[in-house]
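These notes concern the structure reproduced below.
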Protein chains: 2
Amino acid sequence: MVRAILTDPGAQELAEFLNEHLRSPGALVQVVGEFEVFYRGRAASVAEAGDFLLLVKPDGSVQVHSHRSVKPVNWQPQTDDLRVVFEDGIAVLLAERFTPAELLRVGFLAPALAVVLELREGGDFLLFGSEAEMQRALAANPEVIEPGLCLVHMELPTDVGGIDLLARDAHGRLVVVELKRGRASHEAVHQLNRYVESVRRVAGEAVRGVLAAPSVTAPALNRLGELGLEFREVSALPSSEAVEPAQPGLFA
Amino acid sequence: MVRAILTDPGAQELAEFLNEHLRSPGALVQVVGEFEVFYRGRAASVAEAGDFLLLVKPDGSVQVHSHRSVKPVNWQPQTDDLRVVFEDGIAVLLAERFTPAELLRVGFLAPALAVVLELREGGDFLLFGSEAEMQRALAANPEVIEPGLCLVHMELPTDVGGIDLLARDAHGRLVVVELKRGRASHEAVHQLNRYVESVRRVAGEAVRGVLAAPSVTAPALNRLGELGLEFREVSALPSSEAVEPAQPGLFA
DNA sequence: GTTTCGATATCGGTT
DNA sequence: AACCGATGTCGAAAC
């Protein structure tokens, strides 16, 4: 699991260490110390000298973390080219991506620690309560949205995007359903409205629009009313039983 | 910078180590090993036994990384409560947030390494090419969008959101400008269309709509045409000079 | 506290 | 490769 640890390396020593381990398959390389970070690509940024933690994963992704926040200060998803150069007496990591063209440059001003890890691929990762899961559940039980509702289509493409659920109500009217796994905002309302207008144009009949979500913001609810659309409360996690572990108290 | 390193700790030993250092101010705590991770809150997830890297920053944010991807497998922004318990012979980290109610549970099945770091707050972080910067630049020089354009408002609130720039063209017609720092998609077109329709309702006069971005997707450009709106190519990073470091070749 | 919006969004699926 | 939409989006600013 821990392949190598190097404390208080010199610049040359760090460069050699990184050159060796960044090439080896499966290696997650970490460096801690005082860095200077430059980025240039979709935007450009400069992080002046400060203490950072660098992670380079085996897939070539790079992230530079500061003392706060989940989000790294600088990063690079899966790089196409990774190399370490020795410049003006300091080791420098160059992480490059081709599409989009981006370059991240980390200058190791004062490295304090370098660690090489091997994280074997683990077991499954299961997520409950995604919009996709909600969609499957409601497609199987449309009456949860409204009694008498009958599914016509799922992910029906229109000229303005895919409709989550298309159904007919008890009176045979077409119903466009837009799902949100979390609190629905006015964006969801506009999305629904576009779908409803598109279906009206094509079908040439009365079409209802329903926003199905666990909750909705006040402005979104107002806009829904103005546009003649409806809201239905639907929870994303159908029953807590489903995700509760075998023995109780694991989440206590 | 490096406060403590513990290799191959026992469960009890790790629990004590974490209890000591998670409380100390400014400590960034890291654990590497085989974990099991549960999450329950806005959604729910289970990561079966596997190798992970845990980071707990001084601000209480928690992230669990696997061997791939910039994004952690599980995380928790700034937690309200962090504690380590000893359960069934293993050390367990409980990271809780109150709003929204969320709990992350990391079971250290086989810890291999624990490190405590102190990352002092660093120098400034400068970002170039944000939409806000683009907005300021175009507000100061509206003729870059179109000769004769004259700024009327910036971030003008409407009933459907804030208009980036409102201007008048050489003929005195109102022009709604929507900015995007990256390639504009059909979402940006619909956003612009909502603003234009809102201004038309209020102003009761002819209103043009301009999408200003470095590029636009083909479907978005089609939709723009259908809606009678316009596209103007504007780059987010005005000149490469501005972000180029003093001595050339730093980004080479 | 709520809502909104930008982001170097990232990431995955589909065309 | 481009496009599209979800995300436990995160994070900051405006209200």
Side-chain angles (χ1 to χ4, degrees), chain A residues 37-45 59 61-64 68-78 95 97-104 125 127-135 155 157 160-164 178-188 191 215-221 236-237, chain B residues 38-45 59 61 63 68-78 97-104 125 127-135 155 157 160-162 164 178-188 191 215-221 236-237 243:
Chain A
V37 190
F38 299 91
Y39 160 77
R40 175 97 209 226
R42 288 167 289 176
S45 73
D59 64 351
S61 63
V62 178
Q63 43 198 307
V64 181
R68 60 178 296 277
S69 170
V70 172
K71 198 189 162 209
V73 171
N74 277 101
W75 68 92
Q76 195 84 285
Q78 278 187 340
R97 236 170 26 129
F98 300 150
T99 52
E102 295 185 298
L103 180 65
L104 181 66
F125 178 78
L127 181 69
F128 307 90
S130 66
E131 189 181 303
E133 200 187 33
M134 217 176 138
Q135 191 180 38
E155 285 297 337
V160 289
I163 294 175
D164 288 340
E178 171 64 27
L179 301 178
K180 285 296 160 203
R181 68 162 306 286
R183 179 165 258 238
S185 75
H186 66 101
E187 269 304 318
Q191 209 178 334
S215 64
V216 62
T217 67
L221 193 57
L237 287 167
Chain B
F38 298 93
Y39 161 78
R40 175 97 210 229
R42 285 167 290 174
S45 73
D59 64 352
S61 63
Q63 44 197 309
R68 60 179 294 279
S69 169
V70 171
K71 199 188 164 211
V73 171
N74 276 104
W75 67 93
Q76 196 80 290
Q78 280 183 341
R97 236 173 20 135
F98 300 149
T99 49
E102 295 185 298
L103 181 64
L104 180 66
F125 178 79
L127 180 70
F128 308 90
S130 66
E131 188 182 302
E133 200 185 33
M134 214 176 141
Q135 193 180 38
E155 284 297 337
V160 289
D164 288 340
E178 172 64 28
L179 300 178
K180 286 295 161 205
R181 68 163 306 289
R183 177 165 261 236
S185 76
H186 68 103
E187 271 302 320
Q191 209 179 333
S215 63
V216 62
T217 67
L221 192 58
L237 287 167
V243 294

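Reminder, nothing fancy here: chain letters follow the sequence lines and each chain counts from 1.
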Report task. Could you encode protein contacts along nucleotides 7-15 of chain D as a string, one character per nucleotide from 5' to 3', using B for base contact, S for sugar-phosphate-only contact and - for no contact, with a heavy-atom cut-off of under 4.0 Å? Result -> SBSSSS---
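Between Glu178(B) and Val216(A), the one whose closest nucleotide on DNA chain C sits nearer the 5' end is Val216(A).
One C1' atom belongs to dA14(D), the other to dT8(C), and the distance between them is 24 Å to the nearest Å. Of the P atoms belonging to dG8(D) and dC4(D), the separation is 22 Å, rounded to the nearest Å.
Ala184(B) meets the side-chain contact (heavy atoms from CB on, under 4.5 Å) test with Lys180(B), Ala188(B), Leu211(B), Ala213(B), Val216(B); sequence neighbours excluded. The side-chain contact (heavy atoms from CB on, under 4.5 Å) search around Ala132(A) returns Ser130(A), Arg136(A), not counting sequence neighbours. In this structure, the salt bridge (Lys or Arg N to Asp or Glu O under 4.0 Å) partners of Glu102(B), at least two apart in sequence or on a different chain, are Arg42(B), Arg97(B). Among residues two or more places apart in sequence or in another chain, the side chain to side chain donor-acceptor pair (under 3.5 Å) test is passed with Thr217(A) by none. Listed by chain and residue number, Gln135(B) satisfy the side chain to side chain donor-acceptor pair (under 3.5 Å) test with Glu155(B) (two or more places apart in sequence, or in another chain). In terms of the side chain to side chain donor-acceptor pair (under 3.5 Å) criterion, Arg68(A) has no residue partners (sequence neighbours excluded). The side chain to side chain donor-acceptor pair (under 3.5 Å) search around Gln76(B) returns none, not counting sequence neighbours.
Pro100(B) comes within contact range of no nucleotide atom at all, as no heavy-atom separation falls under 4.0 Å.
With no hydrogens or angles considered, no side-chain donor-acceptor pair links Ser69(B) and Asp59(A) at under 3.5 Å.
Protein chain A touches strand DNA chain C; the 5'-most and 3'-most nucleotides with an atom under 4.0 angstrom of its non-hydrogen atoms are dT3(C) to dC11(C).
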